[in-house]
Each structure stands twice: as structure tokens, then as C-alpha cells.
Amino acid sequence: MPNVVTRFAPSPTGFLHIGGARTALFNLLYARRNGGKFILRIEDTDQERSTPEAVRAILDGMTWLGITWDEGPHFQMERMDLYRKEAGRLLREGKAYRCVCTKEELDARREEMTARKEKPRYDGRCRDLAPGATEGKPSVLRFKAPRTGQTVVRDLLRGDVVYENAELDDLVLLRTDGSPTYNFVVVIDDASMGITHVLRGDDHLNNTPKQVLLYEALGYPLPRFGHFPLIHGMEGGKLSKRQDDVSVMAYREKGFLPEAMVNYLVRLGWGHGDQEIFSMVEMQDLFSLEHVGKSPSKFNLDKLLHLNAHYIKMAEPERIANLLVPFLAKRGIDAKPLPWLTAAVRTLLERSRTLEEMAESAEYYFRPKPAEPKVAAKFLTPEIAPVLLEVADAFSALEDFKADMEDALNEVVERRGGNLKIHQPIRVALTGGTASPGLFEVMEILGRDEVVRRLRGAAGRIGA
RNA sequence: GGUCCCAUCGUCUAGUGGCCCAGGACGCCGCCCUCUCACGGCGGUAGCGAGGGUUCGAACCCCUCUGGGACCGCCA
């Protein structure tokens, strides 16, 4: 048995969330760093909201990011017998009780308490009902939590957090339909799977004392807990679907590389001196809980973009060419990952922050792109038209276009007096824009005939 | 409203009592490189939330305030 076992336990009710991905990553890294095991568990006790598509989405997202698990995925729905058995045990031992309060009654009481500015919670009125009193009525099983004393959560990141038991609730263990609730199954699962370190988001900190009490009631050994801060949206507050892309896969679709994503995520809340760039292997070697921050961090797209640009620059052009194909397809360009595409990609590597940007830039390699009227008016002037034609003629006479195009162009410039500004007009004629890779690189990719064709086409449009 | 957590440049962070009149990165600005854009190089901008302590000495320790956040469900 490894001395460290961590887990990621998402509920399959949507896509893999940015925050969830980081939680998974931290758990993976902590396990790896300590020679431990990382388990994936799907928390699907909420049958209303859980879907197989969401399970798929979570698995896909993790796989894409390279967050691999050693065991699982386990599904809670397959472990029902265990939960029922443990629930029965608590009931027999007098550590849980049947509660016949209806949802409506509970809601009404909660509202009253809120109106009185009290902390809304269960008042415990079914706690000491006579044994037969709940017979035949629909009921839930509640945990009989201690009313006095304190529960201490020993948190790896926050130190000891003390809760008054009087503040804690008699939480529901089994619903009316007999299905178990989150706080109950999470304890049973973590214990039965031998989880040694429960590392999760801050939003669970206030659940933890309730779970600690359950561990004690069930007679399980306590794991270590660690709660790290949440990731906030760009405008502050929770990540919101309106303002932020919360789904990991949305970033894949926008043309982010998984290694950029993971690198960005690991730096959100964790640091290692001044280092900014981390490979998965480095993270696994260096990660430690002591260097995880305690305050929430805001998601910052600019920095992600910068990291993505970095990784695109560093990547193998062949790989990027392959990844680029679907992005080109989205723009109606049917490109196979040919050597030619790789050559084109090579020219775009250091001027693209995402694959989407690269696909956009690459358009002129595949089809002529007309210049914007303003750009055309500035660079494709009537005076320049004959020069364009002259350059086209000079090019079309070349045997070895690649080797001689620069000289040929210079000769034309010399003939015209030497200080002719011809590069930008040619760039505009060829690419439709004023920004592109080096002119001669672009021309090499396009090839002599296409260059001549576009030059003549542009000159012709000036006349018209 | 109650309970709990948190607080260094706009943002991500380094910093665990003297090495810090606070370092790196993103962004932004300027310069250099240059056929454009980008890359790269160089330089700059900007911060310890406030007030009290403790100490010879505080970004680091304590208290109060302020601000932000989480949770309070038969959701997870």
C-alpha cells in the first residue's frame, strides 16, 4: 500500500471545469511527488443531474491535459450496497435516526430562521422520536451529530480550524428514496479506498467537520485534509459561464495546447521560486503543498495566451501542422498535414498565440485574400501597378525561384532608382494584409507561379 | 444573518524577523533588431489594504478594522 493515495472526485453534471482540472492536477502531482497513487472516482449519486455524456467529457478533458489516473474510474452508483450497509450500522448503533419532516416543512422552517436572521439549519425535532413513531411514514436517515464540544479540522494548508459542534447540522445520510447523499458517501468512499490525503477546493472546508464526525461515528481512521483556494473569474468572484470559459475543452477548441493549459493551471495557486515554465515531469518532481497559496487567484487570459504562444513556438512543426488541420477546416480549408503545410506552419510558429490565430493567419497560403479597401488604397496605388507587373515578369523568368527571388526583386528596385518602397505593396498583393512572416518566406511557400498570379491580379485590380 | 477562510504591483506569484527603500512573470510604455507583424534583447511603470501593538529590527508575529470569498439543501 503506497503511503500516499489521493483522488479526484467530480460529479458528472457538466464539463470538466477549470477549477476541477486544477484540483485533479494538484492531486495527481501530490501523489506523483510522493510515490503514491491517484484515483479517479465519479460522484454520481445525484441521478437527476448525472449523465454519461458528462462522464465522457470529464474523462476526455483529463486525458487531453495528460492528467492520468492510476485507478478507476470508480462509480458510486456501483457501491450502493456498501452505503446501505453502513447506514444500517449507524442506525443500529444509535448514531443515526429516521426523520419524517417533509421537504416543505423544512423549507418553511428554514425561511423562518432566515427571517429571524439566524443560521438556517435542522432543528432536530425527530432526533428523539420513539422508535416506532416513524413506522410506515416516508422518512430520511439523519446523522445524530453531537450537540456539544468542538470538532477540529487539521488542514494541511490552513492549520487547525475549530468548529463548535453546536453549529453543525444533523445532515441527511439517506434520502427518502434510500439513495445516499454526498457527505455520507464521500466519507465511506475515501475511507474504503484508502485515501490518505483529501485535497480539494475551499468550498468543501465547511463540510469537513461534518465529515470528520462521520469518520468518527463510522470508526474509520481520519485522512489528512487540505483545502486550496478557488479560482476566480477575470472580473473577480466565481468563474462565471457568462464572462469566462469555464470548460477545459473550450480552450482546446480555441486552439490552446494542453501543456500550456497545465502549466498555467499549476501556477494558479502554486509557485516554485521564479520559475514560470514547467513540464509535467518537472511539476511532478517539484510540487509541494507548502508552496500552495492560501488566497484565491483570478483567471488571467493574457498569461495563458502568453504561455500558449511559448509552447507553440517550442513545439514540433509537424505536430502543430496536424493539430491545425481541424482549425483550417473550420474556415473551409481542406488541408492535409503535408510537408508543405508544415513549412507554412513553421513561418507562423512565433506569431501565433493560439491555433485559431494561426489558422486565421494561414488563410492566404491557401487562397488569395483581397486587401481591405483602406489598405489597398494606401499600398496598391496606380503608381505601384507597373512595378508589380515588372516584378511578376522578373519572377516568372526565374528557374530557381527560391534562390534568386531576392536578387530579382533588388534588380527591379535598382532599375527604378534604388529607394523604392516595394515590400509592403507586394506583401499586401500576396497576403491581403500588412503583417505577415518574412516576405521571402511567404513567397517560397506560395511558389513562383502563385506569386506571379497574385502580383498580376493585384496590378489588374488597380487598373479597374 | 451565522460560521469559516483569505489579504504583496492591474493580474499570477517569490518572500516564513535582518539578505527586501520587496524579486520574477503577464500586461502596459519606451528603445534596439528589422521588408511588415511577431520573436528576441535592453530599459521603464506599478505593490506589502488601514490602524494599533510585540521587537534593537517587521511584508513576515499578535490584535482591531476594512475588503474579498466559501458554506449554511433529501446538490456535489
Side-chain angles (χ1 to χ4, degrees), chain A residues 9-13 43-46 48-50 99 101-103 106-107 110 113-122 138-142 153 155 157-158 161-164 166-169 171-183 185-186 200-210 227 229-230 232 234 236-238 264 267-277 290-291 293-307 309-310 313 347-353 361 379 406 409 421-424 426-428 431 433-440 442:
Chain A
S11 58
T13 55
E43 312 236 310
D44 56 352
T45 52
D46 183 358
E48 301 281 303
R49 301 197 299 151
S50 300
C99 167
C101 299
T102 65
K103 240 182 222 179
L106 258 17
D107 286 345
R110 245 192 300 275
M113 286 187 247
T114 310
R116 264 181 280 138
K117 302 199 188 271
E118 281 171 29
K119 177 177 181 169
R121 65 175 152 205
Y122 181 62
S139 66
V140 300
L141 188 71
R142 272 186 196 276
V153 175
D155 192 279
L157 278 90
R158 325 224 162 235
V161 184
V162 181
Y163 292 86
E164 294 295 330
E167 293 290 336
L168 274 19
D169 235 347
L171 76 194
V172 171
L173 268 20
L174 255 34
R175 303 184 180 97
T176 310
D177 67 4
S179 65
T181 58
Y182 165 75
N183 279 112
V185 293
V186 75
R200 68 227 311 191
D202 237 355
D203 47 344
H204 289 287
L205 183 57
N206 289 332
N207 280 326
T208 308
K210 301 175 197 175
H227 291 90
L230 270 16
H232 286 174
M234 296 191 263
K238 261 186 160 160
Y264 179 69
R267 288 284 293 106
L268 229 41
W270 176 78
H272 185 261
D274 286 343
Q275 189 171 344
E276 295 286 349
I277 303 296
E290 295 81 72
H291 288 93
K294 294 181 190 169
S295 51
S297 29
K298 260 184 214 161
F299 191 87
N300 181 214
L301 191 59
D302 279 329
K303 189 140 187 180
L304 209 210
L305 245 10
H306 174 262
L307 278 170
H310 170 84
K313 226 175 300 162
T347 69
L348 263 14
L349 242 28
E350 49 185 38
R351 49 201 109 221
S352 310
R353 295 185 301 173
S361 305
F379 292 104
E406 193 160 357
L409 183 64
K421 296 264 183 276
I422 189 65
H423 289 90
Q424 275 308 73
I426 292 178
R427 170 171 284 112
V428 172
T431 70
T434 55
S436 82
L439 197 49
F440 300 107
V442 172

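A note on names: the letters A, B, ... follow the listed sequences, proteins ahead of strands, and every chain is numbered from 1. Keep in mind the model is a prediction, meaning the values are calculated, not measured.
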What's the verdict on side chain to side chain donor-acceptor pair (under 3.5 Å) for A/Asp177 and A/Ser179, showing C-alpha distance, side-chain angles and the deciding distance?
CA-CA 6 Å; A/Asp177 67 4; A/Ser179 65; 2.7 Å; yes

Applying ring pair (Phe, Tyr, Trp, His ring centres under 6.0 Å), name anything that partners A/Tyr182, two or more places apart in sequence or on another chain.
A/His204

B/C19 to B/C6 separation - P atoms, rounded to the nearest Å:
26 Å

Given atom CZ of A/Arg353 and atom P of B/C26, what is their separation to the nearest angstrom?
13 Å

Could you run through nucleotides 2-16 of chain B and give me one letter per nucleotide, 5' to 3': B if any protein heavy atom sits under 4.0 Å from the base, S if only the sugar-phosphate is that close, - if neither?
BSSSSS---SBSSS-

As its Watson-Crick or G-U partner within any shown strand, both distances under 3.5 Å, B/G30 has B/C42

Salt bridge (charged side-chain N to carboxylate O under 4.0 Å, His left out) filter on A/Asp202, not counting sequence neighbours, yields A/Arg158

Which nucleotide, if any, forms a Watson-Crick or G-U wobble pair with B/A25, using both distances under 3.5 Å?
B/U11

Please check the phosphate of B/A76 (OP1 and OP2 only) for any side-chain N or O of A/Thr45 closer than 4.0 Å.
yes

If you measure from the C1' atom in B/G23 to the same atom in B/U16, how many Å do you get, rounded?
16 Å

Could you state the atom-to-atom distance from CG of A/Asp44 to C1' of B/A76 in whole Å?
11 Å

To the nearest Å, give me how far apart CZ (A/Arg121) and C1' (B/C71) are.
14 Å

Return the minimal non-hydrogen interatomic distance between A/Arg427 and A/Ser436, and the atom names on each side.
NE-OG, 2.8 Å

Using the C1' atom as the reference point in each nucleotide, state the distance between B/U8 and B/C21 in Å, no decimals.
15 Å

Check the interface with nucleotides 58-64 of chain B: list each N/O to N/O pair with the protein under 3.5 Å, or write none.
none

Can you list the residues that meet the ring pair (Phe, Tyr, Trp, His ring centres under 6.0 Å) rule with A/Tyr264, with sequence neighbours excluded?
A/Phe299

Could you let me know what B/U64 is paired to, Watson-Crick or G-U wobble, both distances under 3.5 Å, or none if it's on its own?
B/A50

On a whole-Å scale, what distance lies between the C1' atoms belonging to B/G47 and B/G52?
22 Å

Measuring only the C1' atom in each nucleotide, how far is B/C9 from B/A46? A whole number of Å is fine.
5 Å

Could you tell me the Watson-Crick or G-U partner of B/C56, where both distances fall under 3.5 Å? Say none if there is no partner.
B/G18

Base, sugar-phosphate, or nothing: which does A/Pro120 touch, judged by heavy atoms less than 4.0 Å apart?
base

To the nearest angstrom, the CD-C1' distance between A/Gln275 and B/G23 comes to 15 Å

Kindly say whether, by distance alone, the side chain of A/Asp203 makes a donor-acceptor pair under 3.5 Å with the base of B/A76?
no

At under 4.0 Å between heavy atoms, how does the protein contact nucleotides 36-50 of chain B? Give one character per nucleotide, 5' to 3', with B, S or -.
BBBSS----------

Whole-Å distance, A/His232 NE2 to B/G67 P, equals 17 Å

If only atom types and distance count, is the side chain of A/Thr176 paired as donor or acceptor with the main-chain N or O of A/Pro138 below 3.5 Å?
no

I'd like the C1' distance from B/U55 over to B/G69, given in whole Å.
33 Å

Kindly give the heavy-atom pair with the smallest separation between A/Arg351 and A/Gly438, and that separation in Å.
NH2-N, 4.3 Å

For B/U36, which nucleotide is its Watson-Crick or G-U wobble mate, given both distances must be under 3.5 Å?
none

P atom, B/G49 versus B/A59: distance in rounded Å?
11 Å

Round to the nearest Å and state the distance from A/Leu304 atom CG to B/A25 atom P.
18 Å

Out of curiosity, A/Lys294 NZ to A/Asp155 CG, how far, rounded to the nearest 0.5 Å?
9.5 Å

Would you indicate what A/Asp177 reaches in the nucleic acid, counting non-hydrogen atoms under 4.0 angstrom: base, sugar-phosphate, or nothing?
nothing

Please give the nucleotide sitting opposite B/C4 as a Watson-Crick or G-U wobble pair, both distances under 3.5 Å, or none.
B/G69

Just checking A/Leu230: base, sugar-phosphate only, or nothing, at a heavy-atom cut-off of under 4.0 Å?
sugar-phosphate

Output yes when at least one side-chain N/O atom of A/Arg110 is less than 4.0 Å from OP1 or OP2 of B/G73, else no.
yes

Minimal non-hydrogen separation, A/Lys298 against A/Met234, with atom names
CD-O, 4.0 Å

Shortest non-hydrogen contact from A/Val172 toward A/Arg142:
CG2-NH1, 3.7 Å

To the nearest Å, how far apart are A/Tyr182 OH and B/C72 P?
11 Å

Distance check, P atoms only: B/U45 and B/A22, in whole angstrom units.
11 Å

Touch class at under 4.0 angstrom, heavy-atom based, for A/Val172 against every strand present
sugar-phosphate

Pairing partner of B/C74 (Watson-Crick or G-U wobble, both distances under 3.5 Å)
none

